[in-house]
Amino acid sequence: MAPPRGDESEGPFARLVIENATLVDGTGAPPRGPVSIVIEGDRIVDIRGGGTAGIHGGEEGWGGDTRVIDAGGHYVLPGFVDAHAHLGTPSHAAAGSLTDPEYVFKLWLAHGITTVRDVGAMMGLGWTLEHKARSARGEITAPRMVVHSMFPEAMDSPAEARAWVRSVRKRGADGVKFLGAAPELIEAAMVEAQDLGMKTAYHHAQLSVTRINVLDSARMGLDSMEHWYGLPEAMFDDRRIQDYPLDYNYSNEQHRFGEAGRLWRQAAAPGSERWRATIEELVELDFTIDPTFTIYEASRDVMRARTAEWHADYSMPYIMRAFEPNPKVHGSFFFDWSTADEVAWKRNYRLWMQFVNDYKNAGGRVTVGSDAGFIYKLYGFAYVRELELLQEAGFHPLEVLTSATLNGAELLGMDGDIGSVEIGKKADLVIVRENPVANFKVLYGTGHLRLDPETGELGRTEGIRYVVRDGIVFDKDKLLADVRELVAKEKAAETKP
Ligand SMILES: [Zn+2]
C-alpha cells in the first residue's frame with residue numbers, strides 16, 4: 001500500500017491563484033497570456049486576462065487567505081491523462097520485489113500525469129480499487145485513477161461472460177480490458193459492459209486477431225484499441241492471416257515481437273482505398289486509437305532504450321532486472337535482437353505513424369498512453385517520450401497536447417470535469433518553467449540538457465515546477481527527490497550482505 005500524503009503537497013485551498021501564466025488550455029487553442037487562474041477548492045472558478053489587452057487581475061489583490069503562485073515566465077497546461085497505464089506488474093516481483101506504488105505514483109505526478117487509466121489491474125482488482133479510492137479522498141500522493149478489469153480468456157458461455165462483467169462492476173471496476181477470446185464471449189461481455197455504462201479497451205492479441213480484428217470490435221461498440229495489433233489485419237488485401245514463418249511460436253516472444261515488426265507492410269498501402277475506408281469507418285464509429293508508440297521503441301533501437309539517461313537515478317534495480325532478456329518475463333524478448341529486426345521495426349513505425357496521423361487528420365480521436373513498466377520504459381518518462389513520438393508521427397505539438405489532455409478525458413467520459421483548463425472544470429494543471437510546445441524534452445524529470453548561452457556551461461533545465469490535481473498542489477522537485485531516495489534505499493538494501 002502507498003503511504004499517506006507527505007510534505008510534497010499542499011491544499012486544496014479555499015482560494016488558489018496562479019498568476020502571470022502563459023496558458024495552453026488543451027482545447028487546441030494557441031498559447032495565451034499572461035492569465036490568472038482562480039481556483040476554489042478543487043475547481044477553476046475564473047480565468048482572467050489573456051485577452052487582446054493583456055490585462056490581468058494581479059494588482060487588485062486576492063484577499064487575505066488566498067494562496068498565490070506567481071507563474072511569471074511559466075506555461076500552464078491541463079493535467080495529462082495516461083490512457084494506458086499499469087500500477088505495477090507482477091513480473092517485477094519475479095525480479096526481486098513487487099512494484100512499489102509510491103514510486104510509481106510519484107513518477108507519474110512528477111511528469112504531469114494527473115489521471116491514469118489502469119488497463120488490467122494486474123496488481124489485483126481489489127488492491128487497485130483501494131488505491132483509487134484513497135487517491136480520490138486525497139489521502140495519498142497519486143493521480144486520479146480509472147480502473148479496467150482484465151477479461152479472462154477462458155469462459156464457458158456468453159452468459160458466464162456477462163455475469164463476470166456484472167461482478168467486476170459490482171466491485172467497482174470502471175471498465176473492461178480485453179486481450180482476446182472466442183467472438184461470442186467478447187461480444188456478450190461488450191454488450192453487458194455497455195448496458196452497465198462501463199468503458200472498454202482492447203489489445204487485439206495475435207492469438208484471436210484472425211477472428212476479431214479492430215473493425216470487428218469497433219462495430220461491436222468498443223471504445224478504444226490499445227497499441228496497434230488488429231489494425232493491419234483489418235486491412236489485409238491479399239491474405240487472411242499474418243505471414244508467420246513456418247517455425248513461428250507465439251510463446252517465444254522474440255518470434256512474436258520480431259514478426260510484429262514485419263506486419264504493417266502486409267496490410268493495404270497508405271492512401272489506398274482500403275486504408276481510407278478503414279479510417280472513415282472508425283471515425284464514424286467515434287472510435288479511439290491509443291497507440292502507445294513508446295512501448296515498442298526498444299524494438300527499433302534497443303541500445304537507446306536500455307541505456308536511457310534516467311535509469312541511473314530513477315529506475316528501480318528490480319525493474320531493470322525484469323527488463324533484461326528473459327523468456328519467462330513478458331516484454332523482455334531481446335534474446336538475440338538484430339540490426340535487421342530494428343530496420344524492420346523502423347519501417348513498421350513509418351506506416352503505423354502515418355495511419356495514426358491520417359486518423360487524427362480525418363477527425364479521429366487519438367490518445368496518449370505509455371504502457372510503462374515493460375520493455376525498458378519507466379513510468380512518467382515513457383509518457384513524455386510518447387508526446388515526442390506523436391510529434392514524430394506528424395502531429396503539431398498543440399495536437400499532441402490535445403491528445404494528452406482533452407482526448408484522454410473524452411475517452412474516459414470525463415471531459416465535463418477534466419481535460420482542459422476551463423472555468424467550472426477540476427483544477428488539474430501542469431506548471432512548467434519553460435515552453436513545452438517548443439520542446440517536449442523540458443517535461444522530462446531529468447530536465448533538458450542545454451548549453452547556457454551566457455555562461456557557456458552545460459546544464460539541465462528544471463522543467464515542471466508544480467502539478468495540481470483536484471486543487472492539491474504537488475511540488476515536482478520534492479516528488480523526484482523522494483523517488484531518488486526510494487531507488488537509493490532499494491539499491492542499498494540489495495547490496496547488504
Ligand atoms: Zn499494457
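As the structure lists them, so they are numbered: ligands from 1, and atoms in each ligand from 1. Keep in mind that the numbers below use all heavy atoms, side chains included, and drop hydrogens, waters and symmetry copies.
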Examine E226 and say whether one of its N/O/S atoms is closer to the Zn ion (ligand 1) than 2.8 Å. no
N/O/S of H84 less than 2.8 Å from the Zn ion (ligand 1)? yes
Quick one: do R166 and D195 satisfy salt bridge (Lys or Arg N to Asp or Glu O under 4.0 Å)? Show the steps, please. CA-CA 10 Å; R166 284 195 296 276; D195 286 353; over 6 Å; no
Is the Lys NZ or Arg CZ of K360 less than 6.0 Å from the centre of F395's six-membered ring, within 45° of the axis? yes
Do H111 and F80 make the cut of ring centroids closer than 6.0 angstrom? no
Looking at H86, the N/O/S atom that lies nearest to the Zn ion (ligand 1) is called NE2
Is it the case that R484 places NZ or CZ above or below the six-membered ring of Y314, under 6.0 angstrom from the centre and within 45 degrees of the axis? no
Using the rule given for ring-ring contact (aromatic ring centres under 6.0 Å, His included), can you reason through W264 versus F355, listing the C-alpha separation, both sets of side-chain angles and the distance that settles it, and then say yes or no? CA-CA 10 Å; W264 267 99; F355 188 94; 5.8 Å; yes
Is H227 close enough that one of its N/O/S atoms sits under 2.8 Å from the Zn ion (ligand 1)? no
What's the atom name of the N, O or S in D371 nearest to the Zn ion (ligand 1)? OD1
